Chemist: 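Here you go, one structure.
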Amino acid sequence: MRCWCALGGIALVFSQGEHHPKKNIVVLLADNVGWASVGFHKPPELPEDQIYTPNLDSLARTGIQLERHYTYKFCSPSRSSFLSGRIPFHVNTYNDDPTMPGAGVPIGMTLLPEVLKEAGYATHFLGKWHIGMASASRQTPKARGFDSSLGYFHSNNDYYSMVRGQGCGVAVDLWDHDAPSRLNGTDYEEEIFCIRAENILEKHSTTLHPVFLYYAFHSSCVAYNETTGETNLQPDPSWYAHFENIDQEDRRKNVAMVAKMDECVGRIVSILKRRDMWRNTVLLWSSDNGGAVHIGGGSNVYPFRGGYFNNFEGGIRAPALLSGGVVESLSSAPRKLDGVIHEADWYATFAGIAGISRPVTDDRAAQLGLPPIDSVDVWPLVTGSVDSSPRVEWPLTSLTEAYGDPRTANYGGDAAYMRFPHKLLVGDIISQAGWCGPIHPNTSVSWNTFDTTINCSWSPAEDRYGCLFNVIDDPSEHNDLASTMPDVATELYESLVMAQTKYFDPNRGQPDERACALANRTGYWQPFQE
Ligand SMILES: *[C@@H]1O[C@H](CO)[C@@H](O)[C@H](O)[C@H]1NC(C)=O
Ligand SMILES: *[C@@H]1O[C@H](CO)[C@@H](O)[C@H](O)[C@H]1NC(C)=O
Ligand SMILES: *[C@@H]1O[C@H](CO)[C@@H](O)[C@H](O)[C@H]1NC(C)=O
Ligand SMILES: *[C@@H]1O[C@H](CO)[C@@H](O)[C@H](O)[C@H]1NC(C)=O
Ligand SMILES: *[C@@H]1O[C@H](CO)[C@@H](O)[C@H](O)[C@H]1NC(C)=O
């Protein structure tokens, strides 16, 4: 790995303008963006002027649309999975308070930025962290392999003051690498991150290092409202004004926030192109999970069922695409790729792109008895050199969630297992079991998604075999096959029971008062342990 750096140094001396031979990796992870909330998935019934993602649409036209990019059904597990290369079941399935010492990814697991840094990459993080913050030397982005970082630790904060209240404290949540950031309250938060992204790419030495940028947008997630202590959508005023033709407030705000995110995608692409970095770049854009379709969320996952918080396709089949010059020049592009990809698979895939010999392992984690990497390299699927995906089955959510786990009481209530093309859901009350219309939310019907529930209990003695769907033949999950295919349902259930023996669910500790004491004293959330 070191020799690339040395070679890069020589290249700088002898041939100004030669780019580093390794490919740049740019990951743009949006928050709670629904399937139908991007232009390239626009339902025909939705007027053209009520959705605006021209930059993503353009990348989708020339790149590879990922038709089956699966994530966890909500935030922290999804980020934990992407960065650790484990399925959430083997790293973290909770949206824990980050002041809990064990929140997020266990410190013994080696994260993707560490792997890429070792391979000679300049590594940068922006936006939502949400995988643990207690220890300065072990849990901050800096401690986990990023050369620079600017972001927040909680699930969200106020887009204007960057204030966040949780547990025992209320304080600003904005951290600049190894100290509180003074940028709180100076601009709209997404704009602050976007400007930092532009600066990073503008200043990046293309000869010395390839770049790995992981920008986890705040948009289009709701915010913590400093005034009310509740959450609400907080679009920036100019994009909000742009959509005066949308009569439904939540949808108008959400569309405006997605448009702001898209604007920033465009600004990043434009710098990469101007600096001639684009031709050597692989860019992944995805949502971290399905759309927040509930009241106050404003997102739309039409034609899928469910949404953010549950294991219906609307909650876990995220809008996503691959782009960058490297992808655009593949003979397999442009196209829609149907092969299954799990977000954990980027770990091995990007390691391969970075020239690391496969398979990737995590020796440090192994020594500590932590679960191994699950990631499989999907690059051959992307390039078209293989037709079928190596990713076929995985446990989605623990069985404990089917029977009223209080830590996830509002998070869907569904245990689930995927084995293509079948998916089994198990739970006595699975919430958000309905469908968005092509225009959602709308003013004709106000629909509280949590009022629509389904009983997918597992009770073979009563001929109840959960809920079973064929997600290829029936992507909208209208036809429950459990009673007609009880044998398939039983196989999937047994696989889930088997997977349960490897479910990683350590004691993560309690929210720590020291975090609040420090936040109260300094005005900023920050690590409170060495
Ligand atoms: C916070 O909530 C108050 C009361 O609803 C509202 O007036 C204010 O605009 C909200 N703040 C933001 C940034 O949306
Ligand atoms: C779901 O169905 C099972 C089996 O019929 C039943 O025992 C259980 O009470 C039902 N749960 C709810 C919440 O209706
Ligand atoms: C409006 O919303 C309702 C409730 O979600 C939905 O049933 C209906 O299909 C929507 N209308 C359109 C045109 O999408
Ligand atoms: C922090 O301040 C809040 C009120 O602003 C208070 O309720 C809480 O007890 C304080 N926590 C600590 C640990 O000082
Ligand atoms: C930033 O946060 C600090 C600590 O809470 C506060 O003292 C300061 O006034 C804030 N800055 C702005 C511009 O709001």
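In each ligand, atom 1 is the first atom listed, and ligand 1 is the first ligand listed. All values derive from a computational prediction rather than experimental measurement.
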Chemist: Looking only at side chains, do Trp447 and Thr452 share a donor and an acceptor under 3.5 Å apart?
Modeler: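 A pair is found: one side chain offers a donor N or O, the other an acceptor, under 3.5 Å apart.
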Chemist: Flag Gly185 as yes when one of its N or O atoms lies below 3.5 Å from any N or O atom of ligand 5, and as no otherwise.
Modeler: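 By distance alone, the answer is no.
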Chemist: For the aromatic rings, using the six-membered ring if either is Trp, is the centroid distance between Tyr188 and Tyr160 under 6.0 Å?
Modeler: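 Aromatic pair counts; centres sit under 6.0 Å.
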Chemist: If we count only N and O atoms by modelled type, under 3.5 Å, do the side chains of Asn184 and Tyr524 hold a donor and an acceptor together?
Modeler: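 A pair is found: one side chain offers a donor N or O, the other an acceptor, under 3.5 Å apart.
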Chemist: So if I count the atoms of ligand 2 from 1 in the order they appear, which ones are less than 4.0 Å from some heavy atom of Asn455?
Modeler: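 Near Asn455, meaning under 4.0 Å from one of its heavy atoms, ligand 2 has 1 (C), 2 (O), 3 (C), 8 (C), 10 (C), 11 (N), 12 (C), 14 (O).
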Chemist: Give the atom numbers and elements of ligand 4 that come within less than 4.0 Å of a heavy atom of Asn520.
Modeler: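 In order of number, 1 (C), 2 (O), 3 (C), 8 (C), 10 (C), 11 (N), 12 (C), 14 (O).
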Chemist: Within ligand 2, which atoms have a heavy atom of Ser457 less than 4.0 Å away?
Modeler: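 So the answer, numbered in order with elements, is 2 (O), 3 (C), 4 (C).
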Chemist: Can you tell which of Asn184, Leu174, Val163 gets a heavy atom nearest to atom 13 (C) of ligand 5?
Modeler: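 Minimum heavy-atom distance to atom 13 (C) of ligand 5 goes to Asn184.
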Chemist: I need the Ser84 OG to Arg144 CZ distance, nearest 0.5 Å.
Modeler: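 Rounded to the nearest 0.5 Å, the OG-CZ separation comes to 8.5 Å.
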Chemist: Centroid separation under 6.0 Å, is that true for the rings of Tyr224 and His154?
Modeler: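 No, too far apart.
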Chemist: Under 2.5 Å between the SG atoms of Cys264 and Cys194?
Modeler: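 Yes, the SG atoms sit under 2.5 Å apart.
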Chemist: Can you list the ligand 2 atoms lying under 4.0 Å from a non-hydrogen atom of Ile429?
Modeler: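 Answer, ordered by atom number: 13 (C).
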Chemist: Which residue owns the protein heavy atom closest to atom 5 (O) of ligand 2, what's the atom, and how far is it?
Modeler: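 Scanning the protein heavy atoms, the shortest distance from atom 5 (O) of ligand 2 goes to Arg464 NH1, 3.0 Å.
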Chemist: Is it true that Thr186 lies under 4.0 Å from ligand 5, counting heavy atoms only?
Modeler: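 No heavy atom of Thr186 comes that close to ligand 5.
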Chemist: Check ligand 4 against Glu513 and write out every atom of the ligand that is under 4.0 Å from a heavy-atom position of the residue.
Modeler: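 Near Glu513, meaning under 4.0 Å from one of its heavy atoms, ligand 4 has 13 (C).
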Chemist: Would you say the ring centroid of Phe212 lies under 6.0 angstrom from that of Tyr121?
Modeler: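 Judged by ring-centre distance (under 6.0 Å), Phe212 and Tyr121 do not meet the cut-off.
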Chemist: Does some non-hydrogen atom of the protein lie less than 4.0 angstrom from atom 9 (O) of ligand 5?
Modeler: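 No, no protein heavy atom sits under 4.0 Å from atom 9 (O) of ligand 5.
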Chemist: Knowing that exactly one of Arg274, Arg275, Arg267, Lys203 qualifies, which makes a salt bridge (Lys or Arg N to Asp or Glu O under 4.0 Å) with Glu198?
Modeler: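 When Arg274, Arg275, Arg267, Lys203 are each tested with Glu198, the salt bridge (Lys or Arg N to Asp or Glu O under 4.0 Å) holds only for Arg267.
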Chemist: Can you find a non-hydrogen atom of Cys168 under 4.0 Å from ligand 4?
Modeler: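 Contact check Cys168 vs ligand 4: positive.
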